Amino acid sequence: MILKRISLNENRNDVYLDAYIANKTTAFTRKAILVIPGGAYAGVCVDREGEPVAQAFIPYGYNAFVLTYSVNRTARFPEQLIEASLAIKHIRDNAEEYGIDPEKVFVTGFSAGGHLCAAIGTMWHKKEVYDAIDMEFGYNRPTGIMPIYPVISGVDKGRHFGSFKNLLCSDEPTEDELLSVSIEKNVDEHAVPAFIMHTSNDKGVSVRNSLLLAEAYNSLEKQFELHIYPDAPHGVAVSNPITSAGKKAFENPEIAKWVAQAAAWAESIV
């Protein structure tokens, strides 16, 4: 395996990609997955929602790229959307080197990283992105997204308000600002297919977030798959001993199947 770190912003050393590239196999082209860890837009949880997720997808025919993005109120949205777009651009620019199909670039994200994952899947076409990056329209559009226990709404009663305060760099964001970054309010004809996973009793980020995203997709007849598991705390990651931090509540063999389910779902996306 080849490990590589790629800077995405020459003015910041805290915005980068970590690439996990499997050794090439004759006559096999891999897909790519961009992994966006959570952390309430205050930090980036790479230890549990970064490298372990990247390694979990490699056996399913992916090369993986973990994004470390702007957090802790060092940049205001849409800077994070621009960074995710730069990551996808880098992956596609170097598809031949990485042995991947540039038409099969997926994104997964967790909690606040799930918000950014859903944002790149629904807001990739925003003018601010193309003002910042010289690329053809749609070059940053992912093939599909996999938001996992995602933060979605800034206006619903189930919102994770702290994430939106950090994202908007304000303790008192306005209603218009919150609406502008609420994913369910931004789902339109540009939205890419989605695989959504949550647990019904998540106390950290309410399952209402995933239900709102699914409802927004359903209302526009956009393609999605939704998995709601009955019992696990927020932050289960890949739900095995590698990401459990020694806590049995974070280990569940049934929930751990989401990676295989997401990989199977991705096979249906053309």
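These figures come from a predicted structure and were not determined experimentally.
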- Message: As a quick check of understanding, evaluate salt bridge (charged side-chain N to carboxylate O under 4.0 Å, His left out) for E267 and K31, giving each step before the final call.
- Response: CA-CA 10 Å; E267 293 297 325; K31 295 180 285 293; 2.8 Å; yes
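- Side chain of E49 to main chain of A237: no donor-acceptor pair is present (N/O by atom type, distance under 3.5 Å, no hydrogens or angles).
- Two residues are said to be in side-chain contact when any heavy atoms from C-beta on lie closer than 4.5 Å; I88 and V107 meet this criterion.
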- Message: Between E251 and S244, does the side chain to side chain donor-acceptor pair (under 3.5 Å) criterion hold? Intermediate values first, please.
- Response: CA-CA 6 Å; E251 298 178 33; S244 70; 3.0 Å; yes
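- The backbone N or O of S206 lies less than 3.5 Å from a partner atom in the side chain of N209, making a donor-acceptor pair.
- Under the 6.0 Å cut-off for aromatic ring centres, F137 and Y130 qualify, their centroids lying closer than that.
- For the pair S210 and I152, the minimum side-chain heavy-atom distance is 4.5 Å or more.
- Within the model, atoms NZ of K257 and CG of N252 stand 9.5 Å from one another, a figure rounded to the nearest 0.5 Å.
- F28 and I33 fall into different hydrophobic clusters, where Ile, Leu, Val, Met, Phe, Trp and Tyr are joined by side-chain heavy atoms under 4.5 Å apart, directly or via other members.
- Between R76 and E79, none of the side-chain N atoms (NZ, or NE/NH1/NH2) sits under 4.0 Å from a carboxylate O, so this pair counts as no salt bridge.
- Partner of F65 under the ring-ring contact (aromatic ring centres under 6.0 Å, His included) criterion, out of Y98, Y20, F57, F106: Y98 alone.
- Counting only N and O atoms by type, the side chains of Y16 and N9 include no donor and acceptor under 3.5 Å apart.
- Across all their heavy atoms, A132 and I82 have their closest contact at CB-CD1, 3.7 Å.
- Here the CG-CG distance, from N94 to L17, works out to 10.0 Å after rounding to the nearest 0.5 Å.
- In summary, the side chains of S111 and H234 do present a donor paired with an acceptor at a separation below 3.5 Å, with no hydrogens or angles considered.
- A pairwise comparison of heavy atoms in P150 and H198 identifies CD-ND1, 3.6 Å as the closest pair.
- Panel note: side chain S182, backbone G154; a donor-acceptor pair is recorded below 3.5 Å.
- A salt bridge is absent between R208 and E215; no separation between the charged side-chain nitrogens and carboxylate oxygens falls under 4.0 Å.
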- Should V181 and L168 be marked as a side-chain contact (heavy atoms from CB on, under 4.5 Å) after you check the CA-CA gap, both sets of side-chain angles, and the distance that decides it? CA-CA 9 Å; V181 295; L168 295 167; 4.1 Å; yes
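- With hydrogens and angles disregarded, no donor-acceptor distance shorter than 3.5 Å links the side chain of S163 to the backbone of A112.
- Put simply, the side chain of F164 reaches to within 4.5 Å of the side chain of V151, judged on heavy atoms.
- Without hydrogens or angle criteria, Q261 side chain to F195 main chain gives no donor-acceptor distance under 3.5 Å.
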- Item | Audit row: D171, R73, salt bridge (charged side-chain N to carboxylate O under 4.0 Å, His left out) steps and yes/no | CA-CA 11 Å; D171 286 331; R73 305 196 186 190; 2.8 Å; yes
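- From F250, atom CZ reaches atom OG of S239 across 9.5 Å, with rounding to the nearest 0.5 Å.
- Looking at R12 and S7, their side chains never bring a donor and an acceptor atom within 3.5 Å of each other.
- Heavy-atom minimum distance, T122 versus A191: CG2-CB, 4.0 Å.
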- Query: side-chain contact (heavy atoms from CB on, under 4.5 Å) between L67 and L116: does it pass, once the steps are laid out?
  - Reply: CA-CA 11 Å; L67 177 63; L116 184 51; 4.3 Å; yes
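- Of all heavy-atom pairs between P102 and R92, the closest is O-NE, 2.7 Å.
- In terms of modelled atom types and a separation under 3.5 Å, the side chain of T29 and the main chain of D101 share no donor-acceptor contact.
- Under a 3.5 Å cut-off, the side chain of N140 and the backbone N or O of S85 do not form any donor-acceptor pair.
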- Item | Criterion salt bridge (charged side-chain N to carboxylate O under 4.0 Å, His left out) on K89 and E83, from CA distance to verdict | CA-CA 10 Å; K89 181 178 185 297; E83 292 164 357; over 6 Å; no
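- A distance-only check finds a donor-acceptor pair linking the side chain of N201 to the backbone of A232 [under 3.5 Å].
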- Quick one: do S180 and L178 satisfy side-chain contact (heavy atoms from CB on, under 4.5 Å)? Show the steps, please. CA-CA 5 Å; S180 74; L178 290 167; over 6 Å; no
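- Under 3.5 Å, the side chains of E184 and S153 contain a donor-acceptor pair of N or O atoms.
- Pairing each heavy atom of A260 with each of Y60, the nearest pair is CB-OH, 3.3 Å.
- Within the 4.5 Å cutoff, no side-chain heavy atoms of I36 are placed close to those of F110.
- Looking at heavy atoms from C-beta onward, L179 lies in side-chain contact with V155 at the 4.5 angstrom threshold.
- The shortest side-chain heavy-atom distance between T108 and L34 does not fall under the 4.5 Å cut-off.
- Tracing side-chain contacts under 4.5 Å through hydrophobic residues (I, L, V, M, F, W, Y), one never reaches L212 starting from V192; they form parts of separate clusters.
- Two residues are said to be in side-chain contact when any heavy atoms from C-beta on lie closer than 4.5 Å; Q223 and I269 meet this criterion.
- Here the straight-line distance linking atom CG of L213 with atom CG of N218 works out to 11.0 Å at 0.5 Å rounding.
- A heavy-atom distance below 4.5 Å is found between the side chains of I100 and I91.
- Checked against the 6.0 Å centroid threshold, H190 and W124 count as a close aromatic pair.
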- Item | Pair L226-M197, side-chain contact (heavy atoms from CB on, under 4.5 Å): steps then yes or no | CA-CA 6 Å; L226 174 65; M197 190 278 271; over 6 Å; no
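- Looking at every heavy atom in both residues, P37 comes nearest to V35 through CD-O, 3.5 Å.
- Put simply, the side chain of D18 never gets that close to the backbone of L3: no donor and acceptor are under 3.5 Å apart.
- In terms of modelled atom types and a separation under 3.5 Å, the side chain of D202 and the main chain of V205 share a donor-acceptor contact.
- We find that E177 and K165 are not joined by a salt bridge, their nearest charged nitrogen and carboxylate oxygen being 4.0 Å or further apart.
- Surrounding CD1 of I242 are at most 12 heavy atoms belonging to other residues, nucleotides or ligands under 6.0 Å away.
- Criterion: ILVMFWY side-chain heavy atoms under 4.5 Å apart, direct or through other members. Under it, L220 and I120 are part of a common hydrophobic cluster.
- Using a 4.0 Å cut-off between charged side-chain N and carboxylate O, K126 and D131 make no salt bridge.
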